[in-house]
Amino acid sequence: MIKWKDKREFWITGAKLADPEAGKIKSGSVLIQKGRISELAWQGAVQSDLPQLDIGGLVLSPGFIDIHTHLREPGYEEKETIETGTAAAAAGGYTAVVCMANTEPVVDDPSIVKFILEKSAQVSHCRVYITAALTRNLEGVHINEYHLLREAGAVALSDDGKFVVDSRVMRSALEYARIYNLPVIAHCEDTFLTAGALMNESYSSTRLGLKGTPAAAEEIAVARDVRLAELTGSRLHVAHVSTAGAVELIKKAKRKGVPVTAEASPHHLTLDDTMLETYDRNLKVNPPLRDKKDIEALRSGLREGTIDCIATDHAPHTEIDKQVEFDFAPPGIMGLETAFAQLNTELVDGVEFSLVDLIRLLTIKPAQTLSLPGGKLARGEPADLVLIDPDEEWVLEKAALRSKSSNTPLLGKKFRGRVQGVFLEGKWESAIL
Ligand SMILES: [Zn+2]
């Protein structure tokens with residue numbers, strides 16, 4: 001964990017303070033001391049001899065928390081590193097990320113957990129938490145030593161990118177994870193039904209001549225894993241939900257009291273399969289972009305709480321990786337640097353989603369989902385904060401990306417709302433100002 005030696009004390013004044021727990025945005029000021037929020041003044045002028053930083057009416061919120069990030073290090077440093085991935089996170093308003101286990105070597109041994117934590121302490125631009133692998137080398141055969149992985153610092157378990165095909169192995173994994181109180185993040189995909197698939201099975205896939213995978217491939221897997229969570233009483237978190245049917249299954253499971261949570265990604269909430277008309281490889285992702293009805297179901301799932309939070313599934317790939325025929329391009333879309341702006345532009349209309357609703361889904365909700373600290377605007381909390389101009393209009397330029405990769409279909413897109421930078425333990429971490 002990063003320990004800033006910054007001992008500065010100052011007030012941030014002139015802010016619109018976003019409190020995601022209370023669901024309100026109100027004018028106020030924050031006193032930062034020793035890297036923590038030591039005072040909140042909701043209104044009125046601050047009477048203090050300490051320095052004051054007037055931020056001129058911008059929104060100040062707890063920093064965003066991404067519970068699904070691929071940092072790619074160790075093993076795929078040509079795509080992303082801990083340093084560049086966390087720089088991208090900070091640029092996107094994130095003060096914490098949870099990185100996935102499908103590195104090389106896979107995070108299935110405490111030494112890899114330690115390596116990532118130690119490297120992060122040296123180079124990271126935000127807090128880094130670690131998801132360790134459920135099974136040895138993500139092969140879905142032998143479960144890992146969860147107590148050792150937890151002792152080393154892992155906060156969750158997942159074979160993300162791969163479905164645990166053998167239900168007996170998944171049951172054992174859930175049972176053992178429960179003993180060590182680690183949530184299991186499920187990548188839900190019936191791999192027999194998705195074999196060779198390049199996009200969602202739909203009118204578009206027929207038109208484009210690309211092999212599709214039906215929504216049922218995801219729903220069969222969600223149904224099984226939710227049932228196993230019910231059987232074992234273990235905490236199951238469903239990654240990147242993309243279909244209306246999966247939302248329905250999770251809703252029913254929650255009603256029955258099954259300990260299941262779920263996330264949706266910015267791309268599944270905003271992009272649909274008709275956009276593949278361009279054969280843009282940067283739109284190839286797993287699970288694939290679905291249709292408009294699925295997008296609507298995901299959005300209402302978020303509104304009613306069936307989907308707990310938004311997670312990016314930031315999946316960087318090099319240009320060379322993606323500069324091949326559509327069939328051979330690896331699936332994945334970057335998300336850290338565009339999530340807030342994309343969602344603020346597409347979702348926040350003041351009716352279905354307000355700005356503070358979006359902030360809640362990026363802060364306190366992901367923190368609660370994986371039982372992580374942070375996401376709160378309260379006295380005593382670490383001063384991990386994001387500064388936002390919700391009205392700034394800007395265009396995403398490739399040259400401005402902090403990530404090592406640029407595989408996003410959003411280059412050249414005009415957004416409304418821009419992250420200005422983050423304070424990490426009270427230290428200004430990144431800036432466009
Ligand atoms: Zn992923």
Side-chain angles (χ1 to χ4, degrees), residues 64-76 79-80 82 85-86 88-89 92 94 96-104 106-108 112 116 128-135 137-140 154-164 183-191 194 197 213 217-218 221-222 225 236-243 246 261-269 271 282-290 298 307-318 321-322 329-339 362 366 369-370 403-405 407-409:
F64 304 149
I65 297 167
D66 189 38
I67 60 170
H68 191 151
T69 295
H70 295 272
L71 288 177
R72 302 296 193 209
E73 186 177 358
Y76 303 102
K79 298 174 194 275
E80 194 78 285
I82 291 166
T86 56
Y94 290 88
V97 298
V98 184
C99 62
M100 273 299 176
N102 61 343
T103 48
E104 176 56 46
V106 165
V107 189
D108 59 7
I112 314 297
I116 296 171
V128 174
Y129 299 102
I130 297 174
T131 299
L134 265 183
T135 67
N137 205 31
L138 308 176
E139 286 165 357
V155 300
L157 300 163
S158 182
D159 276 3
D160 179 54
K162 292 199 171 171
F163 179 57
V164 179
V184 171
I185 303 174
H187 173 104
C188 290
E189 166 184 356
D190 182 312
T191 44
T194 59
T213 173
E218 179 169 326
V222 170
D225 283 355
L236 178 81
H237 176 69
V238 183
H240 44 54
V241 174
S242 74
T243 77
T261 53
E263 71 191 30
S265 74
H267 47 274
H268 289 119
L269 286 161
L271 309 175
N282 290 330
L283 289 163
K284 185 176 174 186
V285 63
N286 189 23
L289 301 180
R290 304 288 187 181
L298 291 180
I307 310 270
D308 298 82
C309 63
I310 295 167
T312 68
D313 196 4
H314 176 79
H317 289 293
T318 67
D321 290 335
K322 287 278 193 181
I333 295 179
M334 294 170 29
L336 289 169
E337 292 179 76
T338 49
L362 294 168
T369 298
L370 291 192
S403 171
K404 207 164 184 180
S405 294
N407 56 301
T408 166

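In this text, all values refer to a predicted model and were calculated from it rather than measured experimentally. Ligands are counted one by one from 1 in listed order, and the atoms in each one are counted from 1 as well.
- The angle H70:NE2 - the Zn ion (ligand 1) - D313:OD1 amounts to 90°, with values rounded to 10 degrees.
- Its N, O or S atom nearest to the Zn ion (ligand 1) is what matters here, and for D160 that atom is OD2.
- Taking the six-membered ring where tryptophan is involved, the planes of H240 and H68 are tilted, since the angle between them lies from 30° to 60°.
- Under 4.0 Å is where a charged nitrogen must lie from a carboxylate oxygen, and between E73 and K404 no such pair does.
- A186 and L236 get closest at one heavy-atom pair: CB-CD1, 3.8 Å.
- When side chains are defined from C-beta on, H187 does not count as touching M100, because their heavy atoms never get closer than 4.5 Å.
- Per residue H68, closest N, O or S atom to the Zn ion (ligand 1): atom name NE2.
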